[in-house]
Amino acid sequence: MRVLAVDPEHPDARAIAEAAEELRAGRVVVFPTETVYGLGARALDPAAVERVFAVKGRPRAHPLIVHVLGEKDARAYAATWPPLAARLARSFWPGPLTLVVPKAARVPTEVTGGGSSVALRAPSHPVARALLAALGGDAIVAPSANRYQSISATRAEHVVQSLRGQDLLILDAGPCPSGIESTVVDVRGNVPLVLRPGALTIQALQAVVPELEVVRAELGDEVARASPGQGARHYAPTTVLELARDRASALLRARELVASGQRVCVVLFRELASGEHVAGAPIHVLSGEAAVAGAALYALLHDLDQQKYSRIIVEAPPRGPGWEAINDRLRRASVAAPDPLGV
Ligand code: TXA
Ligand code: MG
């Protein structure tokens, strides 16, 4: 592994040229996006795409997102460009929105998991854009730069931890600003369908396409069919993460586990009220503002995972607008906590 530090706003041209050269040579490069770090390879190079699956330990049937500079390049990877795709791309690209459209014949089937659709996104991060520009419009496939099913990397250190021992060049531009993956929207039908809630909120999307529908993540199988690679368990730390139904249950559950001799920690949303504590267990507080909590969530989970607790107890996040992605990820990362009151 080789880590090259780059300025997130004005990346050094030599570092970008070196990374682009690696990609052209069919190698895998880790680069930052505004959401999470991506494990990149040239989209039109099937052997390089294969390498991405191997490094990540991901099943070949799970399709990858193809990153482009913008709508013009995206269209070269799509068989058709539905009006809905144009509308959403013009409103939200570059940014954390992934559009699922029919795939062009030139997109290798390795990229799409054998399927007939392709997921496209134009990232806004200056380093990702510089890399795409250095490839002259060639697209880059990139799943999140973590081992299959574990938490996405929002810092280069997470990549180093998660993909230890792999022969990779990593462009380190510090923490990723939004910290939650892109929102994936299928625009092949009459109604845009959110397959994965993400950094672009449902509300922002609905302002442009009020008819938008969201696939219910609770319906695990259905989602898996609509969006291969969205299996129920995903985005998970190694430590068992219990999602308590509310704040009081989280605190009770932690006390119960401490009393039975376990080392646990607690994660809550919104600041602590006086008297909210658990003797023998640290409490970590995430913001009551969704965007702020989202930006910090994965880094906190990576950090807690290092500390080898027997359990991480997390309060169910708020349900309001903007919290969809956080609820989705924590549900997938967790096992349901038994109700400490036994009701
Ligand atoms: O923010 C992000 O999206 C990051 C950065 C690196 O761009 N990438 C990312 O990739 O999260 P990955 O591979 O970890 O997640 C890709 C998601 C999966 O949920 C997958 O099911 C969905 O996109 N996806 C990819 N291709 C698809 C397709 N053709 N049809 C439906 N869903 C697709
Ligand atoms: Mg991922």
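Fair warning: this is a prediction, and the values are worked out from it, not measured in the lab. In listed order, ligands and their atoms are each counted from 1. Sequence positions, counted from 1, serve as the residue numbers for this chain.
Proximity of Lys103 to ligand 1, defined as any heavy-atom pair under 4.0 Å, is not found for any part of the residue. Here Leu195 has side-chain heavy atoms under 4.0 Å from ligand 1, and that is the only part of it that gets that close.
Using a 4.0 Å cut-off between charged side-chain N and carboxylate O, Arg60 and Glu110 make no salt bridge.
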Residues 298-306 side chain polar contacts: donor-acceptor under 3.5 Å, at least two apart:
residue	atom	partner	partner atom	Å
Tyr298	OH	Glu181	OE1	2.8
Tyr298	OH	Glu181	OE2	3.1
Tyr298	OH	Arg329	NE	3.3
His302	NE2	Ser152	O	2.9
Asp305	OD1	Thr238	N	3.2
Asp305	OD1	Thr239	N	2.9
Asp305	OD1	Thr239	OG1	2.6
Asp305	OD2	Thr238	N	2.8
Asp305	OD2	Thr238	OG1	3.2
Gln306	NE2	Gln161	OE1	3.0

With a cut-off of 3.5 Å and sequence neighbours excluded, list every side-chain donor-acceptor pair involving residues 275-293.
residue	atom	partner	partner atom	Å
Glu276	OE1	Arg247	NE	3.3
Glu276	OE1	Arg247	NH2	2.8
Glu276	OE1	Ala273	N	2.8
Glu276	OE2	Arg247	NE	2.8
Ser287	OG	Glu289	N	2.8

Practice prompt. Take Phe53 and His62 through the test ring pair (Phe, Tyr, Trp, His ring centres under 6.0 Å) and record every step on the way to the result.
Written response: CA-CA 9 Å; Phe53 284 99; His62 292 195; 8.4 Å; no

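Between Tyr37 and ligand 1, not a single N/O pair is under 3.5 Å apart. Between Thr33 and ligand 1, a contact under 3.5 Å exists for no N or O pair. The shortest N or O to N or O distance between Ser117 and ligand 1 is under 3.5 Å.
In this structure, His158 NE2 and Ile151 CD1 are separated by 8.0 Å, a value rounded to the nearest 0.5 Å. Distance CZ/Arg332 to CG/Asn327: 11.5 Å, rounded to 0.5 Å.
Heavy-atom distances between Ala142 and ligand 1 reach below 4.0 Å in at least one pair. Not a single heavy atom of Thr112 sits closer than 4.0 Å to an atom of ligand 1.
Around the Mg ion (ligand 2), the protein atoms of type N, O or S that sit closer than 2.8 Å are Ser144 OG.
The option with the heavy atom closest to atom 12 (P) of ligand 1, from among Arg58, Glu181, His62, is Arg58. The heavy atom nearest to atom 16 (C) of ligand 1, out of those in Val30, Ile65, Val118, Val52, is found in Ile65.
Evaluation of the side-chain hydrogen bond (donor to acceptor under 3.5 Å, both in side chains) test over residues 9-19, restricted to residues two or more places apart or in two chains, returns Arg2-Glu18.
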